[in-house]
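Heads up: numbering here begins at 1 and tracks the sequence.
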Amino acid sequence: MKKTLLFIALITLSFCGMAQKKSTFPFKGGIEHMMNFFKDSVIVSQDIIQRKATGIVTFKFSADALGRVSKIVVYYADDIVLTQPAIDALKRSSGKWDIPIGVSSNDYLITFLFSFTPPAAASTDLVNAVYDYSINHRSITFSNQLLTDDCILLPIVTANYDIPQ
C-alpha cells in the first residue's frame with residue numbers, strides 16, 4: 001500500500017512539475033518571435049540614413065511580472081543618434097516579455113546593431129559619408145565602472161537599412 005501511494009505521489013508531482021515548465025526564452029513566442037518583432041519595430045530615422053550611421057547600442061532594462069518594460073538604461077552606444085529607434089522599439093515590446101511565475105521582475109541586457117546594406121559599387125559620396133561619420137560620431141561611454149545586479153543577456157538585434165542610391 002505504501003509503495004502504491006508513494007508511486008501515485010511521485011507521478012502526481014512529476015505532472016505538476018511538467019505543467020509549470022515554461023519556455024526558457026524570456027520573450028513571448030521565443031527567440032524567432034523576438035527577432036521578427038524587433039525587425040518590424042526598429043524604425044531607422046532619416047538622420048541615421050543620411051549620416052550613414054552604423055554601430056551598436058546596448059541597454060539594460062527591466063520587465064515586470066506583466067511583461068512591461070521599465071528602467072531603460074544605455075550601457076553603451078557608438079552614437080547617440082542610434083539610441084532613439086532602439087528605445088522606441090523597446091517601449092513597443094512592453095507586455096511581450098515572459099517573466100517566470102513567482103518573480104516580480106527581471107533585468108535584461110540587449111544589444112542593437114545598426115548597419116546599412118552596401119551597394120554593389122561604392123560611390124565617392126558614400127565613401128566620404130562613411131569616413132565622415134566614422135571620424136565625427138561620438139560614443140556614449142562611462143569613465144568608471146557601472147555596477148549592476150544580475151541580468152539576462154539577450155541576443156543581438158540587427159537593424160539593417162538600405163541607403164538611397
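Distance check: Thr54 OG1 to Ile48 CD1 gives 10.5 Å after rounding to the nearest 0.5 Å. How far CD1 of Ile31 is from CZ of Phe25: 4.5 Å, rounded to the nearest 0.5 Å. Between the CZ atom in Arg51 and the CG atom in Leu82 there is a gap of 8.0 Å [rounded to 0.5 Å]. Atom OG1 of residue Thr83 and atom CG of residue Leu90 lie 11.0 Å apart, to the nearest 0.5 angstrom.
In this structure the side chain of Asp98 never reaches within 4.5 angstrom of the side chain of Pro26, judged on heavy atoms. Annotation: side chain of Asn106 is in contact with side chain of Pro100 (closest heavy-atom distance under 4.5 Å).
Every residue meeting the side-chain contact (heavy atoms from CB on, under 4.5 Å) condition with Gln84, not counting sequence neighbours, appears here in chain and number order: Ile87, Asp88. In this structure Ser123 satisfies the side-chain hydrogen bond (donor to acceptor under 3.5 Å, both in side chains) test with no other residue, sequence neighbours excluded. With sequence neighbours left out, the salt bridge (charged side-chain N to carboxylate O under 4.0 Å, His left out) criterion links Asp64 to Arg68. For Ser93, the side-chain hydrogen bond (donor to acceptor under 3.5 Å, both in side chains) test picks out Trp97, with sequence neighbours left out. With sequence neighbours excluded, the residues satisfying side-chain contact (heavy atoms from CB on, under 4.5 Å) with Leu113 are Ile56, Ile156, Thr158. By the side-chain hydrogen bond (donor to acceptor under 3.5 Å, both in side chains) test, Asp162 pairs with Thr117, sequence neighbours left out. Checked against side-chain contact (heavy atoms from CB on, under 4.5 Å), Lys71 has the following partners two or more places apart in sequence or in another chain: Ser62. Considering only residues two or more places apart in sequence or on other chains, Ala65 meets the side-chain contact (heavy atoms from CB on, under 4.5 Å) condition with none of them.
Shown here is Ile49, whose CD1 atom has more than 12 heavy atoms of other residues, nucleotides or ligands within 6.0 Å. Atom NZ of Lys96 has 12 or fewer heavy atoms from other residues, nucleotides or ligands within 6.0 Å.
Val69 and Val103 fall within the same hydrophobic cluster, defined by Ile, Leu, Val, Met, Phe, Trp and Tyr side-chain heavy atoms under 4.5 Å apart, directly or through other members.
Across every non-hydrogen atom of Lys28 and His33, the tightest pair is O-CD2, 3.0 Å. Looking at every heavy atom in both residues, Ile110 comes nearest to Met34 through CD1-CE, 4.4 Å. The two residues Pro85 and Ser45 come nearest to each other via the heavy atoms CG-N, 4.5 Å.
Annotation: Phe38 is in aromatic contact with Phe112 [ring centroid separation under 6.0 Å]. Residues Phe27 and Phe37 place their aromatic rings such that the two centres sit under 6.0 Å apart.
Counting only residues at least two apart or on different chains, the side-chain hydrogen bond (donor to acceptor under 3.5 Å, both in side chains) pairs with a member in residues 124-136 are Asp79-Tyr133, Asp132-Asn136.
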task: Tell me, with the steps shown, if Phe61 and Val73 meet side chain to side chain contact (heavy atoms under 4.5 Å, CB included).
output: CA-CA 6 Å; Phe61 68 96; Val73 178; over 6 Å; no
task: Give the intermediate values and the outcome of side chain to side chain contact (heavy atoms under 4.5 Å, CB included) for residues Lys52 and Val127.
output: CA-CA 10 Å; Lys52 312 299 185 274; Val127 171; over 6 Å; no
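With no hydrogens or angles considered, a side-chain donor-acceptor pair links Thr58 and Thr111 at under 3.5 Å.
Using bins of under 30°, 30° to 60° and over 60° for the plane-to-plane angle, the ring pair Tyr161/Phe116 lands in the tilted bin.
Applying side chain to side chain contact (heavy atoms under 4.5 Å, CB included) to Val57 and the options Tyr76, Phe114, Tyr75 leaves one that passes, Phe114.
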